Q: 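What follows is a single structure, and I will ask about it in a moment.
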Amino acid sequence: MTYWLMKSEPGEFSIDDLQNAPGGETFWDGVRNYQARNFMRDDMKVGDGVLYYHSNCPETGVVGIATVCREAYPDHTAFDPEDKHYDPKSDPDNPRWCMVDIRFERKFERVILLRELRQHADGPLRDMLLLRRGNRLSITPVTSEEWNFILSLE
DNA sequence: GCCAACGTTGGC
DNA sequence: GCCAACGTTGGC
């Protein structure tokens with residue numbers, strides 16, 4: 001089993017939105033970055049743990065956890081000209097983009113702020129991809145050590 | 001709103 | 001294959 005960190009803008013889809021979704025599940029559409037796609041397509045398995053991260057908001061940080069509940073399948077929003085994430089270069093017969101489903105697991109008692117994670121950038125989180133300068137990847141792998149440490153901060 | 005960092009596109 | 005221009009991400 002692998003662990004992941006997935007970013008979402010709470011104005012688009014927050015952890016509360018996930019909790020309130022039918023069955024607490026949603027499909028993770030709109031990924032249009034090859035590295036992030038490859039993580040989903042090649043490495044994400046049902047049961048993997050997900051740190052749910054809020055980006056681009058007043059309190060950026062990890063807000064809770066989810067689990068992967070369906071492995072990669074085509075992202076249909078790429079075929080829809082009306083969709084914000086429409087990509088005319090994604091051929092329905094050979095889809096360029098994919099998505100996974102995730103299920104709400106738990107919302108943390110408090111937000112574990114990015115600022116707080118950075119305080120451990122010389123220690124337990126020294127290799128965390130999220131903390132790398134200029135990192136913009138919306139999906140990054142997390143080690144079990146990082147996962148356990150972040151959960152211990154709560 | 002600003003801007004640094006990054007990814008993608010396309011001319012050559 | 002190089003690289004400038006452009007668009008996007010995301011912290012602040």
Side-chain angles (χ1 to χ4, degrees), chain A residues 2-21 26-44 48-68 72-102 104-143 145-147 149-154:
Chain A
T2 314
Y3 297 101
W4 305 94
L5 181 141
M6 296 172 81
K7 295 179 185 173
S8 182
E9 299 189 19
E12 297 291 323
F13 200 85
S14 71
I15 191 155
D16 295 321
D17 293 328
L18 179 63
Q19 183 169 17
N20 294 329
T26 195
F27 50 85
W28 204 258
D29 64 313
V31 170
R32 298 292 180 267
N33 171 285
Y34 290 105
Q35 241 185 305
R37 180 205 64 181
N38 293 348
F39 282 139
M40 286 197 292
R41 188 190 61 189
D42 304 334
D43 301 320
M44 276 192 166
D48 282 359
V50 174
L51 294 173
Y52 201 102
Y53 179 92
H54 280 176
S55 67
N56 239 319
C57 59
E59 291 202 314
T60 59
V62 180
V63 292
I65 55 182
T67 50
V68 175
Y73 59 106
D75 181 346
H76 59 82
T77 66
F79 312 136
D80 178 4
E82 302 299 312
D83 194 277
K84 181 179 167 187
H85 301 292
Y86 175 56
D87 180 0
K89 284 178 282 192
S90 185
D91 175 2
D93 292 328
N94 184 21
R96 175 176 300 201
W97 305 111
C98 65
M99 58 191 184
V100 298
D101 288 359
I102 66 168
F104 176 82
E105 201 65 41
R106 187 164 71 81
K107 183 178 176 179
F108 288 162
E109 293 298 315
R110 64 184 190 86
V111 179
I112 301 172
L113 296 169
L114 176 62
R115 188 172 357 109
E116 183 176 352
L117 297 178
R118 285 201 194 285
Q119 292 172 0
H120 304 282
D122 292 328
L125 302 182
R126 88 177 58 79
D127 296 323
M128 200 172 177
L129 293 175
L130 175 75
L131 305 181
R132 291 256 179 95
R133 193 177 64 110
N135 170 63
R136 301 186 314 172
L137 258 190
S138 63
I139 299 176
T140 48
V142 171
T143 67
E145 290 80 10
E146 290 161 352
W147 171 277
F149 180 76
I150 289 170
L151 261 59
S152 78
L153 293 174
E154 183 188 3

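Only heavy atoms go into these numbers, but all of them, side chains included; no hydrogens, no water, no symmetry mates. Predicted model only: the values in this text are computed from it and were never measured. Numbered from 1 within each chain, the chains take letters A, B, ... in sequence-line order.
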Q: Figure out the CZ/P separation between A:Arg115 and C:dG10, and round it to whole Å.
A: 19 Å

Q: Identify all pairs in which a protein N or O lies below 3.5 Å from an N or O of nucleotides 3-9 of chain B, and state each distance.
A:
| from | atom 1 | to | atom 2 | distance (Å) |
| --- | --- | --- | --- | --- |
| B:dA5 | OP1 | A:Arg133 | NH1 | 2.5 |
| B:dC6 | OP1 | A:Arg133 | O | 3.0 |
| B:dC6 | O2 | A:Arg136 | NH1 | 2.8 |
| B:dC6 | O2 | A:Arg136 | NH2 | 2.6 |
| B:dG7 | O4' | A:Arg136 | NH2 | 3.2 |
| B:dT9 | OP1 | A:Lys89 | NZ | 2.9 |

Q: Listed by chain and number, what are the side-chain hydrogen bond (donor to acceptor under 3.5 Å, both in side chains) partners of A:Asn56, not counting sequence neighbours?
A: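 Scan of A:Asn56 (side-chain hydrogen bond (donor to acceptor under 3.5 Å, both in side chains), adjacent residues dropped) gives A:Glu9.
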
Q: If you look only at pairs with a residue in residues 105-129 of chain A, which of them pass as a side-chain hydrogen bond (donor to acceptor under 3.5 Å, both in side chains), with sequence neighbours excluded?
A: A:Asp16-A:Lys107, A:Thr67-A:Glu105, A:Arg106-A:Glu154, A:Arg110-A:Glu116

Q: Under the ring pair (Phe, Tyr, Trp, His ring centres under 6.0 Å) rule, collect the residues that match up with A:Tyr52, sequence neighbours excluded.
A: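 Result, ring pair (Phe, Tyr, Trp, His ring centres under 6.0 Å) vs A:Tyr52: A:Trp28, A:His54.
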
Q: In whole angstroms, how far is the C1' atom of C:dC12 from the CG atom of A:Leu114?
A: 11 Å

Q: With sequence neighbours left out, what residues match A:Arg132 under side-chain hydrogen bond (donor to acceptor under 3.5 Å, both in side chains)?
A: none

Q: A:Asp101: which residues meet the side-chain hydrogen bond (donor to acceptor under 3.5 Å, both in side chains) condition with it, sequence neighbours left out?
A: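 By the side-chain hydrogen bond (donor to acceptor under 3.5 Å, both in side chains) rule, A:Asp101 matches A:Tyr73.
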
